[in-house]
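Hydrogens, waters and symmetry mates play no part in the numbers below; they use all other heavy atoms, side chains included.
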Amino acid sequence: MNALFSVYAWIVWALALVILGLPALLLTVISPRLGFRAAKVLAGVALFLTGIRVKVIGREKVDWSRPHVFMGNHQNLLDPFAYVLAIPVFMVGIEKKENHRIPIYGWISRAWGNLPIDRSNPGAARETIALAAERFKEGTSVTILPEGTRTKDGRIGPFKKGGFHLAVGTGSDIVPFTFNGAYERLKAGSWRITPGTIEVVFSEAIPTEGYGKENLDELVERVRGAVCANFKG
């Protein structure tokens, strides 16, 4: 039964991306903030029709009127769809450059203003972080998944430091968040989708004041600890 449901779910996702994704792309080209609203509709419809519910915890802990650097764990390709439903304000993300080659999703992501990062090229990665700093200075929050890649076993991996240099360099608070349940909905290496709940849990903002190169590891572990504290894996 799960195999039949998974076939249905992938058909639903494909149709949603074509039927709703193309209008979302056009709206994003006009205005990324219009695209943000359209993306909420796309994500909500696709998740609902495939039996996936998004539960948001701790949203009231975040001051959404000012920009932050948001950092969380990465479970699978369902993460951005759950995340766009969880956040009440427009923000941009940093994601691997390969995502921008995905039809429709990649087109929307580029028009949205998400920044591709080349993990194999440290120089290019630093340029991406510099561009993210410009977005932040314009008043737009930035989301980073500092593991750098989705989990292979459901657990939270080590965090890379690039996003932390961005947060410290701009004096931004870091808001940790945690995905729970997405891995169970779609496990690494599997095509089967299982209905259920994805939780997005927001933690209290962590100030970056007082942190620099000499104690950046402490900040990394503090943020990772906050993400892990709400993790149910």
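- Taking CE from Met91 and CZ from Phe36, the interatomic distance works out to 7.5 Å, rounded to the nearest 0.5 Å.
- The number of heavy atoms from other shown groups lying within 6.0 Å of CZ (Arg66) is above 12.
- Considering CH2 of Trp13 and CG of Leu77, their distance stands at 7.5 Å, rounded to 0.5 Å.
- The cluster map of Ile, Leu, Val, Met, Phe, Trp and Tyr, joined by side-chain heavy atoms under 4.5 Å apart, puts Leu20 and Leu34 in different clusters.
- Under the salt bridge (charged side-chain N to carboxylate O under 4.0 Å, His left out) criterion, Arg101 pairs with no residue at all, not counting sequence neighbours.
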>> Between Glu95 and Leu145, is the side chain to side chain contact (heavy atoms under 4.5 Å, CB included) condition met? List the steps.
In response: CA-CA 8 Å; Glu95 57 185 341; Leu145 304 178; over 6 Å; no
Under 3.5 Å donor-acceptor pairs involving side-chain atoms of residues 200-214, not counting sequence neighbours:
residue: Ser203; atom: OG; partner: Asn230; partner atom: ND2; Å: 3.0
residue: Thr208; atom: OG1; partner: Ser172; partner atom: O; Å: 2.8
residue: Tyr211; atom: OH; partner: Arg222; partner atom: NH1; Å: 3.3

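- A side-chain donor-acceptor contact under 3.5 Å links Arg185 to the backbone of Thr197.
- Panel note: side chain Arg224, backbone Ile156; a donor-acceptor pair is recorded below 3.5 Å.
- Residues Asn2 and Ile193 share a closest heavy-atom pair of ND2-O, 3.3 Å.
- Within the 4.5 Å cutoff, no side-chain heavy atoms of Leu22 are placed close to those of Leu26.
- To the nearest 0.5 angstrom, Ile108 atom CD1 is 10.5 Å from Asn114 atom CG.
- No more than 12 heavy atoms of other residues, nucleotides or ligands lie within 6.0 Å of CZ in Phe48, so this atom counts as exposed by the packing criterion.
- With hydrogens and angles left out, the side-chain atoms of Thr151 and Tyr183 include no donor and acceptor closer than 3.5 Å.
- Dense packing is recorded around CZ of Arg110, with more than 12 heavy atoms of other residues, nucleotides or ligands lying under 6.0 Å away.
- Smallest separation of non-hydrogen atoms from Gly163 and Ile144: CA-CD1, 3.5 Å.
- With Leu186 as reference, Leu78 is the one residue of Thr194, Ile52, Leu78 to meet the side chain to side chain contact (heavy atoms under 4.5 Å, CB included) rule.
- Side-chain atoms of Asn76 and Phe179, non-hydrogen and from C-beta on, never get closer than 4.5 Å to each other.
- Listed here is the closest heavy atom pair of Val12 and Ala46: CG1-O, 4.4 Å.
- Side-chain contact between Phe177 and Val62: absent, with no pair of heavy atoms (C-beta onward) separated by less than 4.5 Å.
- Put simply, CG on Asn99 and CD1 on Ile102 are 4.5 Å apart, with the number rounded to the nearest 0.5 Å.
- Both Ile94 and Trp107 are part of a single hydrophobic cluster, where members link through side-chain heavy atoms under 4.5 Å apart.
- No chain of hydrophobic side-chain contacts below 4.5 Å, direct or via other Ile, Leu, Val, Met, Phe, Trp or Tyr residues, connects Met71 to Ile57.
- Remark: side-chain polar atoms of Thr28 are paired, donor with acceptor, to backbone N or O of Ala24 under 3.5 angstrom.
- Looking at Glu134 and Lys137, their side chains come closer than 4.5 Å, going by heavy atoms from C-beta outward.
- With values rounded to the nearest 0.5 angstrom, Ile30 atom CD1 is found 10.0 Å from Leu25 atom CG.
- A donor-acceptor pair is defined here as one N or O able to donate and one able to accept, closer than 3.5 Å; no such pair exists between the side chain of Lys187 and the backbone of Arg192.
- Summarising the local packing, NZ of Lys152 is surrounded by more than 12 heavy atoms from other residues, nucleotides or ligands at distances under 6.0 Å.
- Closest non-hydrogen pair, Gly72 versus Val227, comes out as CA-CG2, 4.4 Å.
- Contact check for Leu49 versus Tyr8: side-chain heavy atoms found under the 4.5 Å cut-off.
- Judged by distance alone, with hydrogens and angles left aside, the side-chain atoms of Lys96 form no donor-acceptor pair with the main-chain N or O of Gly148 at under 3.5 Å.
- Both Val56 and Phe70 belong to a common hydrophobic cluster when Ile, Leu, Val, Met, Phe, Trp and Tyr are linked at side-chain heavy-atom distances under 4.5 angstrom.
- When hydrophobic clusters are built by joining Ile, Leu, Val, Met, Phe, Trp and Tyr residues whose side-chain heavy atoms come closer than 4.5 Å, directly or via intermediates, Val41 is not grouped with Leu27.
- With hydrogens and angles disregarded, no donor-acceptor distance shorter than 3.5 Å links the side chain of Trp191 to the backbone of Trp10.
- Between Trp112 and Val84 there is a side-chain heavy-atom pair separated by less than 4.5 Å.
- When all heavy atoms are compared, the tightest approach of His68 to Asp63 is NE2-O, 3.0 Å.
- For the pair Leu219 and Leu216, the minimum side-chain heavy-atom distance is below 4.5 Å.
- Between the side chain of Arg150 and the backbone N or O of Gln75 there is no donor-acceptor pair closer than 3.5 Å.
- When all heavy atoms of Arg59 and Trp64 are compared, the pair lying nearest together is O-NE1, 2.9 Å.
- Residue Lys160 holds its NZ atom at 10.0 Å from CD of Glu147, rounded to the nearest 0.5 Å.
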